[in-house]
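Computed from a predicted model, the values in this text were never measured in an experiment.
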Amino acid sequence: MLDPQVLRRDTEAIAAALKAQGYELDVPAFASLEEKRREIQEQTQNLQNERNTRSKEIGKAKGRGEDITELVAEVGNLGERLKDAEAGLKDVQDELQDIYVGIPNLTHESVPAGKDEEDNVEVRRWSEPRDLGFEPRDHVDIGEQLGLLDFEAASNLTGSRFVVLKGAMSRLHRALAQFMLDMHVTDHGYTEVYVPFLVNRNSLYGTGQLPKFEDDQFHADTESDYFLIPTAEVPVTNLVADSILEADELPLKFACHSPCFRREAGSYGKDTRGILRQHQFEKVELVQIVRPEDSYDALDELTSHAEAVLQRLELPYRTVVLCTGDIGFSAAKTFDIEVWVPGQQTYREISSCSNCEDFQARRMQARWRNPDASRPELVHTLNGSGVAVGRAMLAVIENYQQADGSVVIPDALRPYMGGTERIELA
RNA sequence: GGAGAGGUGGCAGAGUGGUCGAAUGCGGCGGUCUUGAAAACCGUUGACUCGAAAGGGUCCGGGGGUUCGAAUCCCUCCCUCUCCGCCA
């Protein structure tokens, strides 16, 4: 959520900035609603003031043993009028709230303007795609030939966009997750956390998925009103919801391995082949809670932590900064890391690292005690995949494929694979 | 699943209809004392919000109700703890 005070004060300027990002704010409607709110709020508070004053008088009179019937009669229907005023105020506030929670974050000045992913800007590239010396196949062909990747079994069990992994492939998947998690904890200073994979509405509201993106979520159809997490960002970032952190507690750095569940509504027919876009996938997520002045350094650091995973796996990648038209709802700036996918002869997203500044913090009321400020201030929150496990497996399979259909295990993963050096046809 | 207890400020914990945004302690901050520190003592110390300001208003788990007036009474939901049962 944007700062309501700033939005009220600089409505025109912010509306213009939002428009450049593709969001239309109805300025006259917003302004008149705010004006209405102010009026009703003033009236309501005056009534409240009167009630408080008169009730105190009655209390005092009663304490002195005086007759209070006349004083009580004077109050008349104040209570009713106050109730009406409060109800009216609540209506306007709800209406305003609906507007506020639907407005996306403002992007950082360094974010390039653009319409869609075509306008994202590459900022760096690491390593070169290998020359395999033969026509690369994609992971579906390789995995199915090895008998270790089974989409048909998954569609029988559930439906489309799921997969069953077997044997060494299943272990490779697990090895990747363990490898990444260990790396972030041991080398990068993150604290490992294990969290619920079902969350309530409030948590999804805090990170910005609700109310606007409810259709993208899997809702557990029970009386408890829970949702399957679309990313560990939701439970992990919400660890600091409704809290006031001491200055010396920051930065907080959390790493979390979790499954993620996405409806993929609106992506019909997109990436239907293979494991690129599944309803269920795993991810090692990185979350940082930092002081506002540190958040852009933290974004660079967090992004480098995700990149380090690909470097250790020796997978070629490039890093792009998302343009204003492609960036997510809650982010002020996002770097996507795209790994080389030989089967498609292109780079595909494997990690997305964002600085949300105070957008999520305001929604979830996550604050810290700035010693230089008189009051608690909002923290900045960051998150990034470090990295998506299934896509990393896809990249390993395709980049390390051999002419004979086997797959060589990257050195970094061998300790996690019981020393296995190669996955081959049994 | 059954029975009971309880949710109050950063923490602990009083407060059962009125001068209570809330005693007291701890913690924090400032000071006195000290070479310095500790101890002791004194003072101070919740969050949010409207407003240019003066000054208002809101908040005692969430929501609703009773009342001139609710932390306190009623309803409802959520959560925590204890005991029993069941269970990976």
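- Rounded to whole Å, the C1' atom of G28(B) lies 36 Å from the corresponding atom of C77(B).
- Atom CG of Asn370(A) and atom C1' of A47(B) are 17 Å apart (whole Å).
- Nucleotides G61(B) and G56(B) have their P atoms positioned 26 Å apart, rounded to a whole Å.
- Pairing for G46(B) is with C59(B), a Watson-Crick or G-U wobble pair whose two hydrogen-bonding atom distances lie under 3.5 Å.
- In this structure, Arg137(A) and Gln145(A) have side chains that are in contact, with non-hydrogen atoms separated by less than 4.5 Å.
- Look at Asn49(A) and you'll find a side-chain N or O under 4.0 angstrom from OP1 or OP2 of G57(B).
- C48(B) atom P lies 9 Å from atom CG of Leu378(A), rounded to whole Å.
- Ring centroid separation for the pair Phe227(A) and Phe218(A) does not come in under the 6.0 Å cut-off.
- Centroid-to-centroid, the aromatic rings of Tyr296(A) and His108(A) come within less than 6.0 Å.
- Within the 4.0 angstrom heavy-atom criterion, no nucleotide atom of any strand lies near Asn46(A).
- If you check every strand for non-hydrogen atoms under 4.0 Å, Arg64(A) touches nothing.
- One interatomic measurement links the two molecules: CZ of Arg367(A) to C1' of U49(B), which rounds to 12 Å at whole-angstrom precision.
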Could you list, one pair per line, each protein nitrogen or oxygen that sits under 3.5 Å from a nitrogen or oxygen of nucleotides 63-69 of chain B, together with the distance?
from: U66(B); atom 1: OP2; to: Lys83(A); atom 2: NZ; distance (Å): 2.9
from: C68(B); atom 1: O2'; to: Ser55(A); atom 2: OG; distance (Å): 3.3
from: G69(B); atom 1: O4'; to: Ser55(A); atom 2: OG; distance (Å): 2.9

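- Between the CZ atom of Arg37(A) and the C1' atom of U58(B) there is a distance of 14 Å, rounded to whole Å.
- Rounded to whole angstrom, the span from the CG atom of Asp242(A) across to the C1' atom of C78(B) amounts to 14 Å.
- Counting heavy atoms from C-beta outward, Arg367(A) and Glu377(A) have side chains that stay 4.5 Å or more apart.
- Taking 3.5 Å as the limit, the base of G56(B) and the side chain of Gln45(A) contain a donor-acceptor pair of atoms between them.
- A salt bridge does not link Arg263(A) with Asp215(A): none of the charged nitrogens is closer than 4.0 Å to a carboxylate oxygen.
- Residues Tyr100(A) and Phe30(A) place their aromatic rings such that the two centres sit under 6.0 Å apart.
- Going from atom CD of Gln5(A) over to atom P of C48(B) covers 11 Å, rounded to whole Å.
- Distance check on atom C1': G64(B) versus C26(B) gives 37 Å, rounded to whole Å.
- Here C83(B) sits opposite G2(B) as a Watson-Crick or G-U wobble pair (both hydrogen-bonding atom distances under 3.5 Å).
- Checked against the 6.0 Å centroid threshold, His279(A) and Phe162(A) count as a close aromatic pair.
- Remark: Asn202(A) is not in phosphate contact with G62(B), judged by side-chain N or O atoms under 4.0 Å from OP1 or OP2.
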